[in-house]
Amino acid sequence: AWIVYEVADGQDEMGDVDPTSEVVTLEEVDGEYKKTVTADSTATPAAGNVFVNWTHEDNEVSSSAGLDYAFTAEGGRIYVFTAHFRAGTTSASVDKQLVSYERDGETVSEIPEGFKALVGDVLNYEISVENTGEVALNDIAVSDTLWGNGVDSATVGGAETDVSSGSCTVNVAVDGSVVITYSYTVTADDAGETITNTATVDLPGDEPGDDPTGEEEVTVDEYGITVT
């Protein structure tokens with residue numbers, strides 16, 4: 001008997017299987033050649049795709065990429081097990097927060113309710129980008145409305161990064177996250193205004209306006225000024 005492992009029709013570019021076939025030596029029992037055997041192969045999705053299931057004769061036999069299916073094989077037969085794949089979904093969440101501010105040489109980590117910034121304050125922001133989809137996010141663009149508008153550098157995943165163009169790229173594994181931190185110094189032009197800045201993750205395939213965002217607003221006192 002033979003066992004054949006294959007990828008579903010039209011899905012050759014979405015993944016592969018290993019091994020692809022094997023020969024099974026059977027035993028004679030009452031004049032018939034048969035034996036309990038185990039179908040054993042591993043399906044590996046290509047980048048951007050996910051494994052769905054293994055089927056045999058149009059019936060699902062395993063939802064695990066590592067096939068381990070026992071059955072009775074009979075002489076002269078070919079048993080075909082098919083691996084199915086599909087395109088993985090991409091999604092992300094963005095959390096943007098003011099985590100602290102610096103005033104008169106001191107750093108304050110607990111932001112009080114109704115907080116108003118003063119000209120000269122240093123506002124410390126944190127952006128957390130979490131991969132909530134099924135596939136890795138590679139070279140995904142993250143932008144922030146303050147980057148290139150008073151902020152030229154940020155710490156991205158622990159590395160100092162130039163963001164003067166308004167964006168940077170990140171890689172985020174499935175169920176993983178990347179933290180970005182940066183600081184903005186309140187200017188005289190901000191006095192009496194609200195600093196509204198938005199972080200956006202540019203996901204592939206999303207329509208304009210559908211990309212995940214995180215926003216933070218800080219009101220600046222019209223008259224106050226910090227002494228440095």
Side-chain angles (χ1 to χ4, degrees), residues 5-8 10-20 40-55 60-68 81-100 109 124-148 151-184 197-216:
Y5 307 102
E6 64 180 19
V7 176
Q11 298 183 5
D12 291 344
E13 301 299 320
M14 301 182 75
D16 55 32
V17 298
D18 183 40
T20 57
D40 184 5
S41 184
T42 300
T44 304
N49 300 287
V50 294
F51 169 77
V52 178
N53 61 7
W54 284 97
T55 61
E60 180 178 277
V61 293
S62 178
S63 59
S64 172
L67 178 64
D68 183 13
F81 292 84
T82 304
H84 300 264
F85 302 92
R86 64 171 172 79
T89 59
T90 57
S91 63
S93 65
V94 184
D95 182 47
K96 173 72 177 289
Q97 293 186 35
L98 175 68
V99 293
S100 66
S109 299
N124 299 316
Y125 291 99
E126 180 179 285
I127 304 168
S128 178
V129 179
E130 181 180 359
N131 184 347
T132 57
E134 297 176 317
V135 295
L137 299 175
N138 296 318
D139 294 326
I140 297 298
V142 179
S143 61
D144 190 288
T145 50
L146 283 180
W147 294 352
V151 176
D152 293 330
S153 179
T155 301
V156 181
E160 198 69 18
T161 303
D162 184 355
V163 294
S164 58
S165 65
S167 67
C168 67
T169 59
V170 299
N171 299 319
V172 193
V174 176
D175 296 327
S177 62
V178 170
V179 174
I180 302 171
T181 59
Y182 71 89
S183 300
Y184 173 77
N197 58 311
T198 304
T200 303
V201 175
D202 185 10
L203 291 179
D206 273 11
E207 296 294 328
D210 290 342
D211 288 318
T213 62
E215 185 175 273
E216 183 69 42

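Note: hydrogens, waters and symmetry copies are ignored here, and every other heavy atom, side chains too, is used. These numbers were taken from a predicted model, which means no experiment stands behind them. When a residue number appears, it is its place in the shown sequence, counting from 1.
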Heavy-atom pair with the smallest gap, counting every atom of Thr55 and His84: OG1-NE2, 2.8 Å
Criterion side-chain contact (heavy atoms from CB on, under 4.5 Å) against Val201, the qualifying member of Val170, Ile127, Asn131, Ile140: Ile140
Distance (rounded to the nearest 0.5 Å) between Asp162 CG and Trp147 CH2: 10.5 Å
Beyond-backbone contact of Leu137 with Leu203, side-chain heavy atoms, under 4.5 angstrom: yes
Point-to-point distance, once rounded to the nearest 0.5 Å, from CG of Asn49 to OG1 of Thr44: 12.0 Å
Criterion side-chain hydrogen bond (donor to acceptor under 3.5 Å, both in side chains) on Asp18 and Thr42, from CA distance to verdict: CA-CA 5 Å; Asp18 183 40; Thr42 300; over 6 Å; no
Heavy-atom pair of closest approach, residues Val129 and Val172: O-CG1, 4.1 Å
Thr145 side chain vs Thr198 backbone, donor-acceptor pair below 3.5 Å: yes
Set of ring pair (Phe, Tyr, Trp, His ring centres under 6.0 Å) partners for Tyr125, sequence neighbours left out: Tyr182
Distance-only polar pair, side chains of Ser91 and Thr132, donor-acceptor under 3.5 Å: yes
Any side-chain heavy-atom pair of Trp54 and Ser41 under 4.5 Å: yes
CG on Asp211 to CG on Asp202, rounded to 0.5 Å: 5.0 Å
Rounded distance [0.5 Å steps], CG in Asn124 versus OG in Ser100: 3.5 Å
Side chains of Val179 and Glu126 in contact at under 4.5 Å (non-hydrogen atoms): yes
Nearest heavy-atom neighbours spanning Ala87 and Glu134: O-OE1, 4.5 Å
Check: Thr200 and Val142 side chains under 4.5 Å, non-hydrogen atoms: no
Side chain proximity check, Val50 to Arg86, heavy atoms < 4.5 angstrom: yes
Ala43 versus Ala83, closest heavy-atom pair with distance: CB-CB, 4.0 Å
side-chain contact (heavy atoms from CB on, under 4.5 Å) evaluation trace for Asn197 with Glu216: CA-CA 6 Å; Asn197 58 311; Glu216 183 69 42; 4.1 Å; yes
Atom CD of Glu215 with >12 non-hydrogen neighbours under 6.0 angstrom: yes
Spacing of CD1 belonging to Ile180 relative to OG1 belonging to Thr155, to within rounding of 0.5 Å: 10.0 Å
Sidechain-backbone polar pair: Thr161 side chain, Ala159 backbone, donor-acceptor under 3.5 Å: yes
Test item: Val135 and Thr90 side chains (from C-beta on) under 4.5 Å apart, heavy atoms: yes
Distance (rounded to the nearest 0.5 Å) between Asn53 CG and Phe85 CZ: 10.0 Å
Side chains of Asp144 and Cys168 in contact at under 4.5 Å (non-hydrogen atoms): no
